[in-house]
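Proteins come first, then strands; the chains are lettered A, B, ... in the order of their sequence lines, and each starts at number 1.
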Amino acid sequence: LAYRIGAPPLIAILLVLSLGPIVWLAYSSFKSLGSIIAQPFSLPKQLLFSNYSSAWTEGNLGRDLVNSVVVSALSLAIMMICGSLAGYAITRYTTVRIRFGVLFFLLVGQMIPGQVIVIPLFLIIKELHLLNTYVGLALVYAALGTPFVTFLMQAYFAAVPRELFDAAAIDGHGELSTFARIALPIARPAIAATLIIQFLFVWNEFLLASVIDGTGNNVTLPVGLYNAVQGPYATAYGIAFAGAIIALIPMVIVYALLQKHIVRGIALGAVKG
Amino acid sequence: MVLPIVAELPLAFSNWNGVSSLSTIRLVGLGNFRLLFHDPEFNAALVHNLVFTAVTAVTTLVLAVAVALLLEQTRLFRGFLRTVLFLPAVLPIVVVAFIWEWVYAPDIGILNAFLNDVGLHSLTTAWIGNAHTAFGAIIVVQDWAAVPFFMVIVLAGLQTVPLELEEAAELDGAHYVQRLRYVVIPHLRPVLTVVGALLVFWGFQQFLNVYVMTAGGPGFYSTQVLAVYIYQLAFLYDRFGYAAAVAIVLLLISIATGLVYFRVTRFGRPQEQLN
């Protein structure tokens, strides 16, 4: 049973390796630049909050946080509405053959890396005159996320007995009413899982955000952090550290609140891949 | 999803610079693709993509399984450990890249500070400013963020291994490694196949760590990868046509790798039953 004895030290090493850099960043963000350079490991002697106020206001991260919230909400709303309606339609109104054709098409589309299509996406948004707008970026995210939402939703709807929907129709529900009152409530777990997976993607996405909203006042938090840290705060480490903490706090809060759902959602997402 | 690809194809055969109106574009035929083969930066990026994908896929897979097995048999602080060790996977990747840029930094970095403290001063270097260490340093960052993510998936997979089977093997005198080899790993195969597929796809898409930490440098493209090259060609140098050609190559390689992977692992076919 030698492997059992080795476990605690191994876990200690794992904890240091995976959390060490984050913890170091967190307490160093309260230190002065001089102290960060001179005593890299030491804890702050007094908590310096000015790093945070600089990053928040002069570094514009407060503004960028709002941008991220708006873009996320808008894109998630569009993709959830389109995806769940499409998923419902696919399960209810197509033959098996058409359904598998559509699903295959969606899955193949999912496998195309965003890096490959960044140029044409940029052109399309440019031609629509939506560069540097919330709507432009939200539309791109919605277009990339809708196939995934459609796929998961149809899988969920397909498991519901047809008779349930038919009964609703006999009871005098119209199509939309059946969808809204019967289908959607049943699919609540699928909605939660897709929302979380897509939120993680949209909130952390960088490449498309930097291409479509890379300048001006509508940059999202990851791009805003990048602009600030590579630009004015390249050597102002204290402020840069505070900025990085501001950028990671929302994710950590979401993770703390929804931990079980996130883990389940990731497992679900992996099975889909 | 189709429109962008369709729009990209003609671009790849053109000399468009991103500014001139679409009507003045000149088609250059296969010129862009011919250029590719003699472009040292493209060739370097291509090789880096392959190496990066292979190394991160194998190391992440092995480490994720190892950590999952370790956590599986740890009773103490079970939930806490799983929660906390998963944390790197939910951080925005930009933040991950910056954290490690700072850890590696020659002036404030704690890696060098640690090496100095334990008397290994000779090992200290500007990790991502040194063309010999930069690529490896980026691979470490990729693993750091990816291992927790896949560890969770492997842990979920471990729940499907029947306990009776493991106990039976133990009664038969199989030691730990044998049980892993003949009971646990075979049961994990479907999960590991999915994990491997994701890792390969992600490896080819590598963009952000390289873009943030080195932008393809230092030296002559010592860490350049295709996605960063595409971005720089189009949005830094206004060579949209050429960038589109590189993008088409990246797409073709992704598809080819995916097909090879599916063929090798017989992904999607019914798994053989274990008795």
Side-chain angles (χ1 to χ4, degrees), chain A residues 3-4 7-8 10-11 14-15 17-22 24-25 36-37 40-41 109 111-124 143-144 147 200 203-204 206-207 211 214 221-223 225-226 229-230 237 240-241 244 247-248 251-252 254-255 259 262-263 266-267 270-271 273, chain B residues 1-5 7-8 11 67 70-71 73-74 76 81 83-88 90-95 98-100 102-103 107-110 113 144 148-149 152-153 156 176 191 194-195 197-198 201 204-205 207-208 212 226-227 230-231 234-235 240 243-244 247-248 250-251 254 258:
Chain A
Y3 65 92
R4 279 192 204 280
L10 278 179
I11 284 177
L14 268 183
L15 280 173
L17 284 180
S18 64
L19 296 185
I22 305 173
W24 169 68
L25 180 79
I36 289 174
I37 294 174
F41 288 113
M111 290 178 181
I112 296 168
Q115 286 77 344
V116 168
I117 50 173
V118 59
I119 293 170
L121 283 175
F122 169 77
L123 293 182
I124 292 168
L144 293 177
L200 291 178
W203 186 268
N204 291 335
F206 181 90
L207 175 61
V211 166
L221 200 47
V223 180
L225 177 72
Y226 177 81
V229 175
Q230 297 290 45
Y237 291 117
F241 284 14
L248 69 79
M251 271 333 291
V252 173
V254 169
Y255 174 56
Q259 187 210 340
I262 288 178
V263 171
I266 283 169
V271 170
Chain B
M1 291 309 291
V2 180
L3 186 58
I5 301 259
E8 184 149 46
L11 263 185
V67 174
L70 183 65
L71 288 186
Q73 40 170 282
T74 307
L76 220 55
L81 279 176
T83 304
V84 169
L85 287 176
F86 184 68
L87 195 59
V90 294
L91 302 185
I93 309 167
V94 190
V95 175
F98 277 130
I99 291 180
W100 281 91
W102 294 325
V103 166
D107 50 350
I108 56 160
I110 47 174
W144 184 78
F149 185 87
V152 163
I153 298 173
Y176 185 61
V191 175
V194 173
V195 169
L198 287 174
F201 281 121
F204 274 106
Q205 296 178 38
F207 170 78
L208 204 46
V212 170
L226 290 176
I230 293 170
Y231 179 91
F235 300 104
F240 278 79
I248 296 285
L250 176 57
L251 177 64
S254 307

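Note that the CG atom of A:L19 and the CG atom of B:L87 stand 6.5 Å from one another [nearest 0.5 Å]. For the atom pair CG (A:L25) and CD1 (B:I99), the distance works out to 5.0 Å, reported to the nearest 0.5 Å.
Ring geometry for B:W102 against A:Y237 counts as perpendicular: the plane angle is over 60°, on a 0 to 90° scale with 30° as the lower cut. Between B:F86 and A:Y255, the ring planes lie tilted relative to each other; the angle falls in the 30° to 60° range.
If you measure heavy-atom distances from B:L81 to chain A, the contacts under 4.5 Å come from the side chain alone. Residue contact with chain A, scored on non-hydrogen atoms closer than 4.5 Å, involves the backbone and the side chain of B:T83 alike. For A:L15, the parts sitting under 4.5 Å from any heavy atom of chain B are the backbone and the side chain alike. Interface residue B:L208: only side-chain heavy atoms are found under 4.5 Å from chain A. A:L221 does not touch chain B: none of its heavy atoms, backbone or side chain, sits under 4.5 Å away.
Of the listed residues A:L200, A:I36, A:L14, the one with more heavy-atom pairs under 4.5 angstrom with chain B than any other is A:L14. Among B:V191, B:L71, B:V84, the residue with the largest count of heavy-atom pairs under 4.5 Å with chain A is B:V84. For chain B, the option among A:G20, A:A244, A:P21 with the highest count of heavy-atom pairs below 4.5 Å is A:P21. Note: B:I110 leads B:I110, B:L91, B:V94 in heavy-atom pairs under 4.5 Å with chain A. Between chain A and the residues B:V195, B:L85, B:V67, the most heavy-atom pairs under 4.5 angstrom are made by B:L85.
Here the rule is side chain to side chain contact (heavy atoms under 4.5 Å, CB included) with B:V95, and of A:V229, A:L225, A:I22 only A:L225 fits it.
Contact of the B:V103 side chain with the A:W24 side chain is registered, since non-hydrogen atoms from C-beta on lie closer than 4.5 Å. Looking at heavy atoms from C-beta onward, B:Y231 lies out of side-chain contact with A:V118 at the 4.5 angstrom threshold. Between B:I108 and A:P40 the shortest side-chain heavy-atom distance does not fall below 4.5 Å.
Residues B:V90 and A:N204 come closest through the heavy atom pair O-ND2, 4.0 Å. Nearest heavy atom pair, residue A:Q115 against residue B:Q205, reads NE2-O, 2.5 Å. Looking at every heavy atom in both residues, B:A113 comes nearest to A:F41 through CB-CE1, 3.6 Å. Nearest approach of B:A247 to A:V116, heavy atoms of both residues: CB-O, 3.5 Å.
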